[in-house]
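As structure tokens, the structure follows; a few thoughts come after it.
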Amino acid sequence: MTARPAPLDRARILVTNDDGIGAPGLKVLARIARRLSRDVWVVAPEIEQSAASHSLTVRTPLRVHRHAPRRFAVSGTPTDCVLVAVGQILADRAPDLVLSGINHGGNLAEDINHSGTVAAAMQATVMGIPGIALSQIVQPDRPPKWATAEHFAPVIIRKLAAAPWRRDVVINVNFPDRVHGAVTGIEVVRQGRRRQRERVTEAFDPFGRPYYWIGSPRKEGSARGNSDIEATARGAVSVTPLDLDLTARAQARALARVFS
Ligand code: MN
């Protein structure tokens, strides 16, 4: 079954992210969305939720603050934002398309497992709404090249909206850290693997108690190959369709023989 957003100029577009309501990438994405349609709504987390993955808040109440017309902050995760937007704020008419981002930093390879940006688009997909996650790759301590995302995103969103698009597939887009004139193209590629273990650093607080911090600098990817890390390393925009169904089919067939 294919889902297709309504004609984009009449589509209701929900914009969210995991970097929070004040993030520059969210403003960029809202601007991109408003070039596509006049019915654009922003519902984003009150505070940064990077690496929140697909978590949702079920033990504490969620508060919604209206910052401006069609612009709301939710005291929760990216997934909470999509749920609250669809279930309450936009209860009169569900969005036709959910755009998540533009994330500050890439969501490549294993990042996808932790990404709140991808999770928000995934939550939309779970609810039968086409979802696209968008991320701008950035070098540490350098300003993000938002203009690259801004240049390519409308083209990509328009093409996706007109393409055959299975209902249970979420689209993950990453823009390379290059000025748009130096981008080599748009490539449809698979999710990569870094095979890099997250480092856990121990340090001590002012009272001498140890604390731990998860995170490692990312190794530069190879530019040869058919994955998101490789495509963006060679200067292309990567477009990766992700299936909600995580079943390992070949493994399932092998296991079926074991258990028969
Ligand atoms: Mn983020």
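Note that ligands are numbered from 1 as they come in the structure, with each ligand's atoms numbered from 1 the same way.
Within the 3.5 Å criterion, the main-chain N or O of I214 finds no donor-acceptor partner in the side chain of R199.
Donor-acceptor pairing under 3.5 Å is lacking for the side chains of Q136 and H104.
A continuous path of hydrophobic side-chain contacts links V169 to I132 [ILVMFWY only; heavy atoms under 4.5 Å].
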* To do: Apply the test side-chain hydrogen bond (donor to acceptor under 3.5 Å, both in side chains) to residues D18 and T117: give CA-CA distance (whole Å), side-chain angles for both, the deciding distance (0.1 Å), then the verdict.
  => CA-CA 5 Å; D18 77 355; T117 306; 3.2 Å; yes
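For the atom pair CG (L36) and CZ (R34), the distance works out to 11.0 Å, reported to the nearest 0.5 Å.
Counting only protein N, O or S atoms closer than 2.8 Å to the Mn ion (ligand 1) gives 4.
Sequence neighbours left out, the pairs with a member in residues 58-81 that pass salt bridge (charged side-chain N to carboxylate O under 4.0 Å, His left out) are D39-R70.
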